Amino acid sequence: MRMVRHQGRFTPFQAGLIALVVIVIFTYLGFSKDIPFTRPFEVSALFTNAPPIQQGMAVRIAGVDVGKVSKVEAVDGDSPAVKVTMKLEDKALPLHEDARLKARPRIFFEGNLFIDINPGSPGSPEVKDGHVYAPSQTSAPVQLDQVLGILTSNTRDDLRKLFVGYGAAINGKPLPGEDADQDPSTQGQTAAESLNDSLQYSAEALRGGAIVNDATLGEEAHDLSKLISGQQKVNAALSTHEEQLKDLITNFNVTMRALAEENANLSETIHLLPQVLEAANPALDNLNAAFPPLRAWALEMVPGVKETPATIAAGLPWLRQARPLLSQAELGGLVQQLKPAVADFAEFTDGQVQLLPQLDLFNRCQLGVVLPMGDEVVQDGNLTTGLPNYQEFWQTMVGLAGESQNFDGNGSYVRFQAGGGGYTAQTPPVGAAGPLHTALTAPPLGTRPARTAKPPYKPNVACHTQRVPDLNAAKIGAGP
């Protein structure tokens, strides 16, 4: 039998090369902590006060490590700001544009710092790889060397002078006449003595301060946190406009200087301020009492306000159609033509103001006096017709019209011829012709009804307030 020897799968050279590659890979992974040919998610942040951040520092979210600091570099220019680049793991994502980054000290046994990230609100857009957070979104603790670096010799001298001046202001006696405009109880006292006297009011003041502090907590949960969050946004916006903020401080300094020049008037104003506050308390109480109804009214207005956009949207088509109708070629020109008529109508309306009251009085007179009088039946014995007297009047007019069929150039006329007799009679004067005379065959019996005295005429008394005339009040039978 022939024995065949199998050759090995790798030669010694190949085995050595493979071992060398494996050693290089493990060495790289051990020092770099990165997987080759992969690029982790990176973000950068600008810190203005140059905290002692070093490469390799931990990056945490809610206390959990999510990455490390990969690079720390100074920002160009004289600014002490630094740009910190961080490599983050997938569990750190997503990050939002309103995220906050803080360089915070570790606990005592850990030492050094770490980057604490608040990922931001879900409603804010997510950032992409390579995003840079502005200085307004970063913060770092103040280091002791920074504090000591500020306290230079000149600063220490100024601080010492400040304390000396403050002590003199507290313990120094006022000069003659310097406190003449102050309250008599404080005249001649040092500032420290006046402060000690004010302690007797401290209980009430602290009680009022406690009420104010309690009010700052708000009426609902998270009111104070929302206030602080809003203040933070305001401060962040101010920090992004440094030049405008400098101008604001400069203008504020000018304003304070102007107030200092008016210190006498300002002192008098402060002296009168307690009286103003006492007078304002009732007004503020009334205003506070008006808030609940105002709040209820505002709540009732909310549905209407919500419907306002839909109402406006529904009214826009009508407005587009009404605009041409109101143009000068349509109703606008018609209004110009109607202006004279409107002026005449206004004058006519003014005249109606005087006419209508008189017309009302006339109508009342007709309804209350004239028409009831026309409905009366004149009682005349066996000659009574039983008809209302207005009907008798028109029947008489018909009879006269029949009698006056004769006419000449002067119009229709009626001629009566009385028979002759031994009894003469005459009428009262008839116009310019004077009395009329006739001869009767029998003596006259009088008038039916008998003639009475002339009724009184009252022009100053409204007609509708007078009595209805009694047509049967006159005597029936022979008269004088």
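Remember, it's a predicted structure, so these values are computed and weren't measured experimentally.
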K.L.:
S136: what forms a side-chain contact (heavy atoms from CB on, under 4.5 Å) with it, not counting sequence neighbours?
P.N.:
A134, A236, S239, T240
K.L.:
Taking atom CG as the centre, does D90 end up with more than 12 heavy-atom neighbours from other residues, nucleotides or ligands that are less than 6.0 angstrom away?
P.N.:
no
K.L.:
Checking Q54 now: which residues fulfil side-chain contact (heavy atoms from CB on, under 4.5 Å) with it, not counting sequence neighbours?
P.N.:
M57, N112
K.L.:
If you count heavy atoms of other groups shown closer than 6.0 angstrom to NZ of K173, is the number above 12?
P.N.:
yes
K.L.:
Return yes if a side-chain donor-acceptor contact under 3.5 Å exists between Q366 and N363, otherwise no.
P.N.:
no
K.L.:
Can you confirm whether K91 is buried at NZ, in the sense that more than 12 heavy atoms of other residues, nucleotides or ligands lie under 6.0 Å from that atom?
P.N.:
yes
K.L.:
Between S267 and A264 (side chain of the first, backbone of the second, donor and acceptor by atom type, cut-off under 3.5 Å), is there such a pair?
P.N.:
no
K.L.:
State, to 0.1 Å, how close G374 and P388 come at their nearest heavy-atom pair, and which atoms those are.
P.N.:
O-CB, 3.6 Å
K.L.:
Under 3.5 Å, is there a donor-acceptor pair between the side chain of T308 and the main chain of G304?
P.N.:
yes
K.L.:
Which residues satisfy the salt bridge (charged side-chain N to carboxylate O under 4.0 Å, His left out) test with R207, sequence neighbours excluded?
P.N.:
E204
K.L.:
Is N235 reaching over with its side chain to a backbone N or O of Q231, donor-acceptor style, under 3.5 angstrom?
P.N.:
yes
K.L.:
Verify side-chain contact (heavy atoms from CB on, under 4.5 Å) between R60 and I117, making sure each step is shown before the conclusion.
P.N.:
CA-CA 6 Å; R60 296 177 180 177; I117 299 180; over 6 Å; no
K.L.:
Side-chain contact, heavy-atom cut-off 4.5 Å: V370 with C365?
P.N.:
yes
K.L.:
Name the one of L101, V66, I53 that satisfies side-chain contact (heavy atoms from CB on, under 4.5 Å) with M86?
P.N.:
L101
K.L.:
Without swapping roles, check the side chain of N251 against the backbone of D247 for a donor-acceptor pair under 3.5 Å.
P.N.:
yes
K.L.:
If you measure from the Lys or Arg side-chain nitrogens to the Asp or Glu carboxylate oxygens, is any gap between K128 and E42 under 4.0 Å?
P.N.:
no
K.L.:
List the steps and the verdict of salt bridge (charged side-chain N to carboxylate O under 4.0 Å, His left out) for E89 and K68.
P.N.:
CA-CA 9 Å; E89 301 174 6; K68 292 185 178 295; over 6 Å; no
K.L.:
Can you give me the closest heavy-atom contact between P105 and L113, atom names plus distance?
P.N.:
CA-CD2, 3.5 Å
K.L.:
Is there a side-chain contact between E376 and D470 in this structure, where contact means two heavy atoms from C-beta onward sitting under 4.5 Å apart?
P.N.:
yes
K.L.:
Could you please spell out the steps behind the side-chain contact (heavy atoms from CB on, under 4.5 Å) verdict for V75 and L46?
P.N.:
CA-CA 8 Å; V75 179; L46 298 176; 4.0 Å; yes
K.L.:
Could you go step by step and tell me if T269 and L273 meet the side-chain contact (heavy atoms from CB on, under 4.5 Å) rule?
P.N.:
CA-CA 6 Å; T269 301; L273 187 59; 5.8 Å; no
K.L.:
Between T190 and G172, which heavy-atom pair has the shortest distance, and what is it?
P.N.:
CG2-O, 3.6 Å
K.L.:
Tell me, do L259 and E262 make a side-chain contact under 4.5 Å, heavy atoms counted?
P.N.:
no
K.L.:
With sequence neighbours excluded, tell me which residues meet ring pair (Phe, Tyr, Trp, His ring centres under 6.0 Å) with H96.
P.N.:
none
K.L.:
List the atom of Y133, the atom of A99, and the distance in Å for their closest heavy-atom pair.
P.N.:
OH-CB, 3.6 Å
K.L.:
Main chain of L199, side chain of S202: is a donor-acceptor contact present, judged purely on distance under 3.5 Å?
P.N.:
yes
K.L.:
Counting only heavy atoms not in E73, do more than 12 fall under 6.0 Å of its CD?
P.N.:
yes
K.L.:
Do V43 and L88 come close enough that some side-chain heavy atom pair is under 4.5 Å?
P.N.:
yes
K.L.:
Please determine whether the number of non-hydrogen atoms from other residues, nucleotides or ligands lying under 6.0 Å from atom CD of E300 exceeds 12.
P.N.:
no
K.L.:
How about V369 and M373: do any of their side-chain heavy atoms sit closer than 4.5 Å?
P.N.:
no
K.L.:
Any non-hydrogen side-chain atom of N389 less than 4.5 Å from a side-chain atom of V377?
P.N.:
no
K.L.:
When you look at CD of Q354, are more than 12 heavy atoms from neighbouring residues, nucleotides or ligands closer to it than 6.0 Å?
P.N.:
no
K.L.:
So, does N286 use its side chain to make a donor-acceptor pair with the main chain of P282 at under 3.5 Å?
P.N.:
yes
K.L.:
Can you see which heavy atom on Q466 is nearest to which on A462, and at what distance?
P.N.:
CG-O, 3.5 Å
K.L.:
Using atom types as modelled and distance alone, determine if a side-chain donor or acceptor of T85 lies under 3.5 Å from a backbone N or O of S70.
P.N.:
no
K.L.:
Less than 4.5 Å apart, side chain to side chain, heavy atoms only: is that true for I249 and N253?
P.N.:
no
K.L.:
Backbone N or O of I228 within a donor-acceptor pair of the K233 side chain at under 3.5 Å?
P.N.:
no
K.L.:
Walk me through it: do V132 and K83 pass the test side-chain contact (heavy atoms from CB on, under 4.5 Å)?
P.N.:
CA-CA 9 Å; V132 179; K83 181 180 180 181; 4.3 Å; yes
K.L.:
For residues A92 and L95, report the shortest heavy-atom separation together with the two atoms involved.
P.N.:
O-CD2, 3.5 Å
K.L.:
What residues, two or more places apart in sequence or in another chain, satisfy salt bridge (charged side-chain N to carboxylate O under 4.0 Å, His left out) together with D157?
P.N.:
R160
K.L.:
Below 4.0 angstrom, N of the basic side chain to O of the carboxylate: do D116 and K102 qualify?
P.N.:
no
K.L.:
Does F41 reach the side chain of L93, with side-chain heavy atoms less than 4.5 Å apart?
P.N.:
yes
K.L.:
When you compare the side chains of S121 and D98, does any donor N or O come within less than 3.5 Å of an acceptor on the partner?
P.N.:
yes
K.L.:
I'd like to check the side-chain contact (heavy atoms from CB on, under 4.5 Å) partners of F348; sequence neighbours left out, ordered by chain and number.
P.N.:
F345, Q352
